[in-house]
Amino acid sequence: MNTRQLAKIAKRIGFWALIVLIMVYAVFPFYYAVVTSLKPSSDLFRVELWPSNWNFDNYISIFSQTSFLRAIFNSIVVAFSVVFIALLLGITASYALGRVRFRGRSTVLLVILGVSMFPQVAVLSGLFEVIRALNLYNNPAGLILSYTIFTLPFTVWVLTTFMKQLPMELEEAAIMDGATPWITITKVFLPLMWPAMATTGLLAFIAAWNEFLFALTFTLTDAQRTVPVAIALLSGGSAYELPWGPIMAASVVVTVPLVVLVIIFQRRIVSGLTAGAVKG
Amino acid sequence: MSTSIKHDDAPAGARSFTTKPRRGTKVRRQRVKAAWLFLAPMLIALTLVAGWPLVRTFFLSFTDASLSDLGAANLIGFENYLVYEDGRWYGVLADSVWWQSVWNTVYFSVVSVSLEVVFGVIVALILNAEFKGRVIVRAAVLIPWAIPTIVSAQMWAWMLNDQFGIINHMLMGLGVIDAPIAWTANATYSMWAVIMVDVWKTIPFVALLVLAALQMLPKDCYEAAEVDGIHPLRVFFKVTLPLITPALMVAVIFRLLDALRVFDVIYVLTSNSTSTMSMSVYARQQLVEFQDVGYGSAASTLLFLIIALATVAYLYLGRKQIQLGGD
């Protein structure tokens, strides 16, 4: 009995050690970025797990750069617009795909799935042409347009699965009352779809906030860039003297909102991610 | 709300009293019409940003278009892909850097997705156990997924810094290595650095999908296995793994498609070094930096075809495997 108890204790210790290991592995790079960002530049190259001298110089330095502030502003505008457009087009499309049986429905669903698997590079030159033709090159509006390629299919896909789960009776009652499809969407489904829309909106927001390839290719000047590009190019100067302190400070600034979102909405995010994949 | 609408529709309702089936078809027709109307904005948007650009990319790959003047493009047939001139082969298919980038991409995809699946399943199994503070651990595990790829690449680039990075510092402290390693600059290690960052970032995705599948498993067969005193590892391989295979397949295909088009991590961590260059990095370099839209489009088209082929092959094999498993 004694050995069995011991084995049980050992098992528990091993289990908790594994949990601690996972926690450290997941959080440490972010934690270390925070530590680095709080160090004065003279301490930067001393490896330590806790800054011996606290100092906000790195934050002051990035926030005094107008290009970084512009990048944050651009990212916010782009991400919110992308979410708005994706939800607007997504909710009507998902009504059509989730509630109405019509010919060509499965073809449309297949096309949407196909687009969501697109490699972005495959459309790069064609999209470049479209953006130039619309006079949107080096303009955040061009990014808003191009981001629909990955946010829209995903939004439609997830909203459709949610739409399908709503009970048939609701819609039957609305049809009996003679409601048009538009009224059915806005008055019957929209109030019920808020949770699903919050989930997909959140995921679309994160995707748009993090996007890099299009943002790098379709913008040219500092004033039009989004945050990921700004951070990637902070290191652009010389290969030997990278401004690690400001890079880490900028990284923390961009990541903190996302970390807060994840902690608050983790349930929603998990349900959205799995709805997009498992039921697909 | 309903009264006013009822009033509008009263005649139709009255007519339907006598010809009921026709009213049904009218409503149906109206609904189908509305469905297409609702789909139209989305379809137009997708045509504009996906369909048309893809067609144009295919087209441009057969031209000598350059970025500075896209309009002045001449059709040159397959020259961007492969052409024999003056006793030498030219074109993407004859470029050793392209083949290097294909190999890099495949290597990166296979290794990182395999690692992600193994670690993702382990993390999911742990998160599936009941313990205090599970919500906190799950939130912590999600953090790497939410961090922008660019930012995670920078964070790791700093930790992997050859002179001042904490990883070299710790490895030297432990006596694993004698001299600092130039993780991102050294051709031997740079691919592993890229894989390390990608695995870190995407374990959460795999873990969450597997966790969702684990939570849907029936509890009773586990109780039966426990009563019978079967070793947990045996239970995992004989019961759990087959049951979560469909979810795992979905996770693998999502991750594989993502990995095959990898760009951000590699671009930030090792820029245009050929030892880690992926197909996407190669295509973008030709397109934007060398301004050779025709050649770059040819590379993009090949990338598209490779991914499409991989998808079809995977779906085909997956279906076969599931059928075999079902027998």
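All chains are named by letter (A, B, ...) in the order of the sequence lines, taking the proteins before the strands, and each is independently numbered beginning at 1.
- Both the backbone and the side chain of B:L54 come within contact range of chain A, each with at least one heavy atom under 4.5 Å from a heavy atom of that chain.
- Using a 4.5 Å cut-off between heavy atoms, B:D258 does not touch chain A at all.
- Residues of residues 294-301 of chain B that come closer than 4.5 Å to chain A, counting heavy atoms only, are B:S297, B:S300, ordered by residue number.
- Atoms CG and CZ, on B:L303 and B:R284 in that order, are 14.5 Å from each other to the nearest 0.5 Å.
- Heavy-atom distances place both the backbone and the side chain of B:L48 under 4.5 Å from chain A.
- Heavy atoms of B:F263 lying under 4.5 Å from chain A belong exclusively to its side chain.
- Heavy atoms closer than 4.5 Å to chain A are found in the side chain of B:W156, but not in its backbone.
- Heavy atoms closer than 4.5 Å to chain A are found in the side chain of B:I307, but not in its backbone.
- Looking at B:L67, both its backbone and its side chain come within 4.5 Å of chain A, counting heavy atoms on both sides.
- Under the salt bridge (charged side-chain N to carboxylate O under 4.0 Å, His left out) criterion, B:D292 pairs with no residue, sequence neighbours left out.
- With a threshold of 4.5 angstrom between heavy atoms, B:S61 does not approach chain A through any atom at all.
- With a 4.5 angstrom heavy-atom cutoff, B:Y267 touches chain A only via side-chain atoms.
- No side-chain N or O of B:S152 forms a donor-acceptor pair with one of B:W200 less than 3.5 Å apart.
- Applying the salt bridge (charged side-chain N to carboxylate O under 4.0 Å, His left out) criterion to A:R268, with sequence neighbours excluded, gives no partner residue.
- Proximity to chain A (any heavy atom under 4.5 Å) is restricted, for B:L257, to the side chain, taken from C-beta onward.
- Within the 3.5 Å criterion, the main-chain N or O of A:V227 finds a donor-acceptor partner in the side chain of A:S75.
- Neither the backbone nor the side chain of B:V55 comes within contact range of chain A; no heavy atom of the residue lies under 4.5 Å from a heavy atom of that chain.
- Looking at B:L60, only its side chain comes within 4.5 Å of chain A, counting heavy atoms on both sides.
- Along residues 123-131 of chain A, the residues that come nearer than 4.5 angstrom to chain B, judged on non-hydrogen atoms, are A:V123, A:L124, A:S125, A:G126, A:L127, A:F128, A:E129, A:V130 in order of number.
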